[in-house]
Colleague: 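Okay, handing you the structure first.
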Amino acid sequence: TLEARQGNVHNRVVDDNEEHGKAENAKDGPAVRRSRHTAPYGMVFHNCSTLFYNWFVTRARTKSEEIESRLTTAALDVLAHDGPHALSIRRVAAAAGVAPMGIYARFTSKSGLIDHLLGVGFARLRSALAVTAPSPTEALVACGRAYRAFALENPDLYRLMFARSASALRHDMGLDAAAEAVAAFGTLESHVRALEVSLDAHAVPTVDSAMLFWSVVHGFVHLELEDKHFSQNRDGNFDDLLRVTVSGMSQHIHQRSSH
């Protein structure tokens, strides 16, 4: 019958496929046959390995960051309580509750530790100076206030960054810390340049105007930290200084643009 003939054809096709599969297996050899059956398991293993590796790296990085944060806090505490000359590897390690090798592993030496603190200081200063205001004039005034606030809130770190503390330790600033210092000054300089451009669209800003503003603000802060500022109203006196300085700079920019 027709159904019987169709069934015979189907059986022959199935038999042919089985024979073809056996021939392919015989041709491939046992290694390929095993890989064909174990491929899904290999993929699962690969995915699990990747997940474990990512978890391990993230956990190790987080732990390393936590230890570095503890070391930074401990070093700043030692600096604040006992001064820059107390910044020894053993002293900071004891304050942080870690082995001295933990500091050597991250900062190589005492010089590396000090350089790390300088980098932290300038990075925090840069962040503090990144102020916003309705106008360039107000932004520059706010920048000056932020500079003074940072120095008064972190006097020992500020002295290490700018005064003779680092020189007394015979420390030469490394490249990373120097890059942070340049970036911090660049933030201050951007406020000065915004003022210049707002008053003279054709102005070609130079570093001189930024140095003028920084010198005024830094000089006031230095006198205040050394307790050699005699005003009874230092906040008001500083605001007057900022207003006079910014006003004088604005007049100078106008005069320069008129020539």
Side-chain angles (χ1 to χ4, degrees), residues 54-131 143 146-190 210-211 214-215 217-228:
N54 291 338
W55 171 84
F56 179 79
V57 170
T58 301
R59 184 173 181 272
R61 184 185 299 118
T62 301
K63 186 175 182 180
S64 178
E65 290 172 352
E66 290 175 354
I67 293 176
E68 184 168 308
S69 178
R70 283 168 54 191
L71 291 173
T72 300
T73 301
L76 291 175
D77 287 343
V78 171
L79 178 65
H81 288 96
D82 302 301
H85 290 284
L87 286 171
S88 68
I89 297 293
R90 291 187 178 279
R91 185 71 178 276
V92 173
V98 301
M101 283 305 300
I103 298 182
Y104 284 114
R106 283 164 178 77
F107 309 123
T108 306
S109 63
K110 176 181 176 179
S111 179
L113 173 64
I114 295 172
D115 218 48
H116 171 70
L117 291 182
L118 292 175
V120 168
F122 283 114
R124 292 180 180 180
L125 177 60
R126 172 169 52 86
S127 178
L129 298 182
V131 296
C143 175
Y147 187 97
R148 175 175 177 249
F150 173 84
L152 296 182
E153 291 169 5
N154 307 274
D156 300 287
L157 179 59
Y158 183 86
R159 289 188 182 97
L160 185 68
M161 293 160 59
F162 291 108
R164 294 184 176 180
S165 300
S167 299
L169 294 172
R170 297 181 179 179
H171 177 77
D172 294 324
M173 190 183 300
L175 293 178
D176 291 341
E180 290 290 356
V182 170
F185 179 77
T187 303
L188 181 149
E189 186 178 20
S190 68
M211 284 300 304
W214 181 38
S215 298
V217 174
H218 180 78
F220 186 102
V221 168
H222 180 72
L223 289 172
E224 193 170 12
L225 288 180
E226 297 302 316
D227 202 24
K228 292 182 172 60

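Excluded from the calculations below are hydrogen atoms, water molecules and symmetry mates; all remaining heavy atoms, backbone and side chain alike, are included. Because the structure is predicted, anything quoted here is derived from the model rather than measured.
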Colleague: Hey, does Val217 have a side-chain heavy atom less than 4.5 Å from the side chain of Leu188?
Modeller: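 When only atoms from C-beta onward are counted, Val217 and Leu188 do not touch, as no gap falls below 4.5 Å.
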Colleague: State, to 0.1 Å, how close Asp115 and Gly174 come at their nearest heavy-atom pair, and which atoms those are.
Modeller: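 Minimum heavy-atom separation between Asp115 and Gly174: OD1-N, 2.8 Å.
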Colleague: Can a donor-acceptor pair be found, under 3.5 Å and without considering hydrogens, that links the side chain of Arg106 to the backbone of Gly102?
Modeller: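 Yes: the side chain of Arg106 pairs with the backbone of Gly102.
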Colleague: Of all the heavy-atom pairs spanning Ala96 and Leu71, show the shortest one and how long it is.
Modeller: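 The pair with the smallest heavy-atom distance is CB-CD2, 3.7 Å.
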Colleague: If you look at every heavy atom in Ile103 and Ala93, which pair is closest and at what distance?
Modeller: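 Nearest heavy atoms, Ile103 then Ala93: CD1-N, 3.5 Å.
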Colleague: Would you name the heavy atoms of Ala210 and Phe185 that are closest together and state the gap between them?
Modeller: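 Scanning both residues, the minimum pair turns out to be CB-CZ, 3.8 Å.
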Colleague: So, Ser69 side chain and Glu65 main chain: donor-acceptor pair closer than 3.5 Å or not?
Modeller: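 No, because the side chain of Ser69 does not come within donor-acceptor range (under 3.5 Å) of the backbone of Glu65.
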Colleague: Pick one: which of Val78, Leu79, Leu76, Asp77 meets side chain to side chain contact (heavy atoms under 4.5 Å, CB included) with Asp156?
Modeller: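 Filter result, single survivor: Leu79.
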Colleague: Answer yes or no: is there a donor N or O on one side and an acceptor on the other, between the side chain of Ser190 and the main chain of Thr187, under 3.5 Å?
Modeller: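 At least one qualifying donor-acceptor pair exists.
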Colleague: What is the distance from atom CZ of Arg91 to atom NE2 of His81, rounded to the nearest 0.5 Å?
Modeller: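 One gets 10.0 Å once the value is rounded to the nearest 0.5 Å.
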Colleague: Of the non-hydrogen atoms in Pro100 and Arg90, which two are nearest, and what is the gap between them?
Modeller: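 Smallest interatomic distance, heavy atoms only, reads CG-NH1, 4.1 Å.
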Colleague: Which value, rounded to the nearest 0.5 Å, describes the distance between Glu68 atom CD and Phe107 atom CZ?
Modeller: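 So the gap between those two atoms works out to 4.5 Å.
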Colleague: Please report the interatomic distance CD1(Ile114) to CE(Met173), rounded to the nearest 0.5 Å.
Modeller: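 Going from CD1 on Ile114 over to CE on Met173, the span is 11.5 Å.
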Colleague: In terms of side-chain geometry, is the basic nitrogen of Arg124 or Glu180 positioned less than 4.0 Å from the acidic oxygen of its partner?
Modeller: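 No, this pair does not count.
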Colleague: Locate the shortest heavy-atom distance separating Leu113 from Val92; write the atom from each residue and the value.
Modeller: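 Shortest heavy-atom separation between Leu113 and Val92 comes out as CD2-CG2, 3.8 Å.
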Colleague: Just jot down the side-chain hydrogen bond (donor to acceptor under 3.5 Å, both in side chains) partners of Ser111, sequence neighbours excluded, or say none.
Modeller: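 Partners of Ser111 by the side-chain hydrogen bond (donor to acceptor under 3.5 Å, both in side chains) criterion, ordered by chain and then number, come out as His171.
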Colleague: Roughly how far, to the nearest 0.5 Å, is CG of Leu157 from CZ of Phe162?
Modeller: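 Here the rounded value is 9.5 Å.
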Colleague: Just by distance, no angles: are the side chains of His222 and Tyr158 close enough, under 3.5 Å, to form a donor-acceptor pair?
Modeller: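 Result is no, nothing qualifies.
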Colleague: Please round to the nearest 0.5 Å and tell me the distance separating atom NZ of Lys228 and atom CG of Leu223.
Modeller: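 Lys228 atom NZ to Leu223 atom CG measures 8.5 Å (nearest 0.5 Å).
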Colleague: Using 0.5 Å steps for rounding, measure from the CG atom of Leu225 to the NE2 atom of His218.
Modeller: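 Result: 9.0 Å between the selected atoms.
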Colleague: Once ring-ring contact (aromatic ring centres under 6.0 Å, His included) is applied, do any residues pair with Phe220, and if so which ones, sequence neighbours excluded?
Modeller: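 Partners of Phe220 under the ring-ring contact (aromatic ring centres under 6.0 Å, His included) test: His229, Phe238.
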